[in-house]
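What follows is a set of notes on a single structure, which appears directly below.
Note on naming: letters A, B, ... go to the chains in the order of the sequence lines (proteins, then strands), and numbering restarts at 1 for each one.
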Amino acid sequence: MIPGHGTAPVVETRQLIAKYGERTVLRGVDFAVKPGEIKVILGGSGGGKSTLLKHCLGLIEPAGGEVRLLGQDLTTLKGRAREQLFTRIGMLFQYGALLGSLTIAENVALPLVHHTDLPKDVVSEIVRLKLELVELGHAEHMLPSELSGGMRKRAALARAMVMDPEVLFCDEPGAGLDPLTSAELDELLMRLRDRFGMAVVVVTHELMSIERIADSAIMLVQGLPVADGPLDEVKQVDHPEIRAFFGRVAAGEMRGSRSALEILTGRG
Amino acid sequence: MSTDFQCTDSADGLVLAGVLDRDAVPVMLKALARKRPAAGARLVLDLSGIVDMDSAAVAGLVTAWRHAQASGAEVTVHAPSPVAQRALQMFRVPDEIIPPPKPPGLFEGVGGQVIEGLRAGRDFLRLTVDGSLAVLAALWGWRRTRWAHLVEQCIYIGSQALPIVGLVSLLVGLTLAFQSAYQLQQFGAAIYVADLIGVSVVREMGPLITAILVAGRSGSSIAAEIGTMQVSEEIDALKVMGLDPLRFLAVPRLLAIVLMVPLLTALADLLGILGGFVVGIFYLDIAWSAFATQLLKALNAFDLMSGLFKAAAFAYGIGLIGLHFGFSVRGGAGEVGRTTTASVVASLFYIILADSVFSVLFYVIL
Ligand SMILES: Nc1ncnc2c1ncn2[C@@H]1O[C@H](COP(=O)(O)OP(=O)(O)OP(=O)(O)O)[C@@H](O)[C@H]1O
Ligand SMILES: [Mg+2]
């Protein structure tokens, strides 16, 4: 965290609108992440969580509204200033997105090699440290295609952390991991927050994980936030999707679609 | 067909009994169609005797229910057995059916394609400008450029293409010489086979053959590689790490292809001429010294340089086209295959088009 930046949000969107072709996926989302907090993005599958993350990172041009990352407007930031900004953030993609032509170690080293003048052996040492953090020390020289899905995910996390970012974005870090590894990963995210004041933005579906790590949460339903704030408050919000999410009511019953039996017997 | 299914008429509908599964559904639907309830009528299906039921059966019943609704009638189920109840309870029926998007009409389709084409053209221009600037920047700041990627690409685009380019050029040289030898012999002008082969290989055949082979080999693989990276979000990952995909991916490929294709062309020239030489010596009985003298008289430096220059121009275009199609991939793996094919067709078209433009240009210059 940069001293003096205090409590200004590290990530912020205002009235963000996102479209894929004609389809509107986000319809006016206000979203903010404070420095040093773990913010969880909740919402059903296909609800626009990954889309929101991609907008925060400037990977997609917003159809409307504003996006600010570490205080800078991504839509106008170009060239070296943009590259410099990206050295201060990390992103764990939903499916890892490791470069298939490079080994795990080379993947992790990539940002270091291109953005710093560190000598080679220091770079390899940093890579080893980070890989050890995600328990992948033994996989250093393997290609991504030789790893399992969960291992790829962890390698990608190591790459996302390699520059000691101020903000770390994680798209479903726990998906594809066994419960034990997933819990260790949560542990790691919290350590990063506590030791380095790293802000972490996490998309996740896993209740256990949410309970463990979330400082605050935002819930997206059909492209709109229905609740945003500290986790305890979000859980209390009286909205059918939130009740369903935390109370585990089947989504169909909630949405009011009827079973074949109800239809055919003329009930309901 | 299931023999364990019975369907009998009752006063107000049908009695269904036994195993109602995907084999029995057509039977049930046929029986229902015979009954076809009039508007306002009500058809009751007695399910009390059902002993087993699958999802096809549920879908069949819901379909019948929908048809009836559409014609203002009603289909209901009576006294479903526990098994039938469980099956029907299992599945939920969406409140509304979303129609598939309409395929565009003729005019919309054509209009849409024109707009797509314009957009692609604009993207290609932007890539050409940005890519060229990135190449210049990499050359300018050569100290900070990572040449390892370039070497890797040069090996792939250049060295590994040597055998195929060499072999094809040799064969084309041989064939060309044979074809013309027969004609030339009739006029007693066999020695001119050296002129013919020399000029046509160095000016046209060498650059063309090389470019076409490289388009098929490397242009397509550039498109496929970048396209795959696009699909698996690797391009996004590069951007997020502050690495410009143009500098990181496009520059080494463009530089390698522009460096390697002229070299390959020089090899193609040599082997093409060797093909002619072999025909001249062994078939036309020309002394090798006479052939060589004739060849050197016929060729000049301009022929050679213009051929190599053409090759470099073809190469740059092939590289840009491969990159453009690769970066334009949206969606899934299927799109990568389709786009790769399209990139090869575009490259070949570009090569032929550029070649004719050069022919006119060089004709005007000379
Ligand atoms: N490249 C794309 N082109 C078109 N539509 C897309 C694209 N990516 C996502 N969508 C659509 O946008 C909506 C939101 O997608 P998004 O990936 O943001 O959902 P998500 O909340 O991350 O879901 P999940 O939990 O399954 O990852 C989905 O309905 C999806 O169909
Ligand atoms: Mg997602």
Can you tell me if CZ on B:F91 sees more than 12 non-hydrogen neighbours from other groups inside 6.0 Å?
-> yes
Which atoms form the tightest heavy-atom contact between B:A237 and A:A97, and what is the distance?
-> CB-O, 3.6 Å
CD1/A:I263 to CD/B:Q69 distance, rounded to the nearest 0.5 angstrom?
-> 8.0 Å
If you tally heavy-atom pairs under 4.5 Å against chain A, which of B:V44, B:T228, B:L243, B:V75 wins?
-> B:L243
Is atom NZ of A:K19 surrounded by more than 12 heavy atoms (other residues, nucleotides or ligands) closer than 6.0 Å?
-> no
Starting at OG1 of A:T265, measure out to CD of B:Q89 and round the result to the nearest 0.5 Å.
-> 9.0 Å
Euclidean distance, B:R92 CZ relative to A:L261 CG, rounded to 0.5 Å | 10.5 Å
Decide if atom CZ of A:R80 counts as having more than 12 heavy atoms of other residues, nucleotides or ligands within a radius under 6.0 Å.
-> no
Residue part contacting chain B, namely of A:L85, when any heavy atom lies under 4.5 Å = neither
For B:V240 and A:F93, which heavy atoms make the closest approach, and how far apart are they?
-> CG2-CZ, 4.1 Å
So which part of B:R247 gets closer than 4.5 Å to some heavy atom of chain A, the side chain, the backbone, both or neither?
-> side chain
Go through the atoms of A:V162 and report whether side chain, backbone, both or neither lie under 4.5 Å from a heavy atom of chain B.
-> neither
Quick one: pull up OG in A:S101 and CD in B:E234 and give me the separation to the nearest 0.5 Å.
-> 7.0 Å
How close do B:F248 and A:H114 get, heavy atom to heavy atom, and via which atoms?
-> CE1-NE2, 3.3 Å
Where do B:V58 and A:A260 come nearest, in terms of heavy atoms and distance?
-> CG1-CB, 3.7 Å
Hey, mind stepping through A:M91 and B:K239 against side-chain contact (heavy atoms from CB on, under 4.5 Å) and telling me if it holds?
-> CA-CA 10 Å; A:M91 163 80 181; B:K239 289 185 191 160; over 6 Å; no
Engaged part of B:L238 at the chain A interface, taking heavy atoms whose separation is under 4.5 Å = side chain
Is a side-chain donor or acceptor of A:H115 paired with a backbone partner of B:M241 at a separation under 3.5 angstrom?
-> yes
Between atom CG of A:L59 and atom CG of B:D236, what is the distance when rounded to the nearest 0.5 Å?
-> 4.5 Å
Which atoms of B:T76 approach chain A - backbone, side chain, both or neither, heavy atom under 4.5 Å | both
